[in-house]
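Only one structure is covered here, and it is reproduced in the block below.
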2 protein chains.
Amino acid sequence: MPALDPQPASAPHPARPAPVLSRASRPLTFDVLAVDESGAQVATAIAGEAPLTLYVDTCEIVTLMTLGQHPEALAIGYLRNQGLIAALGEIAQVTVDWEVNAVAVTTCAGIAGLSERLAKRTVTTGCGQGTVFGDMMESLGKISLPVDVQLSQTQLYAVNELIRQHETIYKAAGAVHGCALFRLRPKVEMLYFVEDVGRHNAVDAIAGYMWLDGHAGQDKLFYTTGRLTSEMVIKAAQMGMPFLVSRSGLTQMGYEIARQVGITMLGRAVNKHYLLFTGAGRFRRA
Amino acid sequence: MPALDPQPASAPHPARPAPVLSRASRPLTFDVLAVDESGAQVATAIAGEAPLTLYVDTCEIVTLMTLGQHPEALAIGYLRNQGLIAALGEIAQVTVDWEVNAVAVTTCAGIAGLSERLAKRTVTTGCGQGTVFGDMMESLGKISLPVDVQLSQTQLYAVNELIRQHETIYKAAGAVHGCALFRLRPKVEMLYFVEDVGRHNAVDAIAGYMWLDGHAGQDKLFYTTGRLTSEMVIKAAQMGMPFLVSRSGLTQMGYEIARQVGITMLGRAVNKHYLLFTGAGRFRRA
């Protein structure tokens, strides 16, 4: 995605902390031979997938199965969304080595109480990184999303159209989920589009880029091709997003958590169709 | 799914061990109000989703986010597929209590080395229960799938047709994945169809029912609506299935593991179309 390739971490905001990053994307698709119903051999593109074990200061945290397009941002966003790192400035270096399928995050001063916080894990609905640590669920009560931002139907349709036009690995090979971050003003613009075999990896990579590039969630729209399950809503809310949009459906807990945190959530958003489920106060149909 | 409702565990094989089970399915869909693009209020069915914390002999194992249709079979199949329980006879009782979102599995004699085996977890691609324990990856070398079974194109089309006709929560509410187990002889027959918000939950529930009803995998076909990722292929192979079919695509590691274990894997299987990727020796197009 050349037009969307994230800027170097330090470019627009020289005062922001800039960890030293490797830039170690893997090949994204592979051709394999299949045989179709007519007996013909068909070269078929399939999505890349590899294990990536995350170490923080030599402590092994987790092994993620990933497409491997944005491994450094994925590692940073994973630690951010799991609440294990509170600010980008805590990270000194992120180094990916596909020879050993590892990403090593070096912190400036360690993480206090890391082993206790790793002790309790919840395996959740989401594709991919379906693990939450400790008190993620309890942290929802502390979330306060901005109320003075608006999304118009015209802006939503612009989001749908940008998604429709975007070239994706999904179109080439299937088997991946996509997430995108949009700004709405001065015009609707796609800031990132990330795909992964696990959609939670895609969310986390965007969270990593938001830190690296200094983007806050508070006036942004988060888009996912996947379902609006509990963990997807929790992650969007934790990233401070007032708007969460999907072309898919939702689950009971996704709906209940969206109501609880007051996020403006739209599903089945394709072309000029959508269903507005929660947070109607921020949406204008006119 | 009344026609497919699994038999009581002890009915057809009185000699098999029959744990005492609660029968605690949750409501599967809920209606919520949404607003569509015309401004109209639309009653919309959404899939149920609730946390279910699994305890074995009072030791907390994991919290699964689940539709809750088959919680007892899910708990049994989870323990089976994670390699934590080696035989159904080790389980004395499975009791689900939705008041506290818990399922308690009581074993006959405890699980040796449980805490060590819980120590290493891999978060993987799959929806839902994306956790594998310890040496799951290493266990692949020990798998030997039957070579003397055959799947014909006609049988595959019968599978596709039975899937197409089946009434599903997906059709009503979206946001769930489905898995099914088929026998091929004397005729193609759907033994189970299980849906869940996490597709790994659906796989595990089928693994649980296979134990409860005494079905071996060795002459069966496993069908999933979801992608053929690494963990899906590993689980099918561990359940002894020679045939793995999906209407979706596959990933690189799914493909590589399928080749390694020699499973007959078909993707994009819809109506009279499919792509045969691996294990061609068991497939007859004529």
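Letters go in sequence order (proteins before strands), and every chain restarts at 1.
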Q. In terms of heavy-atom pairs under 4.5 Å with chain A, which of B/Val32, B/Thr29, B/Leu33 leads?
A. B/Val32
**Q.** Partner chain A: residue of B/Glu256, B/Arg268, B/His273, B/Gln153 with the largest heavy-atom pair count (under 4.5 Å)
**A.** B/His273
Q.
Applying side chain to side chain contact (heavy atoms under 4.5 Å, CB included) to B/Val197 and A/Arg227, what does each step give before you reach the verdict?
A. CA-CA 9 Å; B/Val197 288; A/Arg227 302 167 294 153; 4.1 Å; yes
Residue, of [options], that accumulates the most heavy atom pairs under 4.5 Å with chain B:
options	result
A/Gly249, A/Ala280, A/Ala47, A/Gly174	A/Ala47
A/Val42, A/Leu67, A/Thr44	A/Thr44
A/Gly267, A/Gly48, A/Ala173, A/Ser248	A/Gly48
A/Gly226, A/Ser38, A/Gly254	A/Ser38

(Q) Can you confirm whether more than 12 heavy atoms, excluding those of B/Tyr170, are under 6.0 Å from its OH atom? (A) no
(Q) So, taking the atom named CD1 in A/Ile46 and the one named CZ in B/Phe277, what distance separates them when rounded to the nearest 0.5 Å? (A) 7.0 Å
Q | Spatial distance of atom CE (A/Met253) from atom OG1 (B/Thr66) [nearest 0.5 Å] | A | 12.0 Å
Identify which part of [X] has an atom lying under 4.5 Å from any heavy atom of chain B, answering side chain, backbone, both or neither.
X	value
A/Tyr157	side chain
A/Tyr274	both
A/Leu156	neither

Q.
With a 4.5 angstrom heavy-atom cut-off, is it the side chain or the backbone of B/Arg26 that approaches chain A, or both, or neither?
A. side chain
Q) Can you find a side-chain donor-acceptor pair between A/Ser230 and B/Glu49 that sits under 3.5 Å? A) yes
Q.
For a quick test of reading the model, state the closest non-hydrogen atom pair linking A/Lys272 to B/Glu37 and the distance between them.
A. O-CG, 3.4 Å
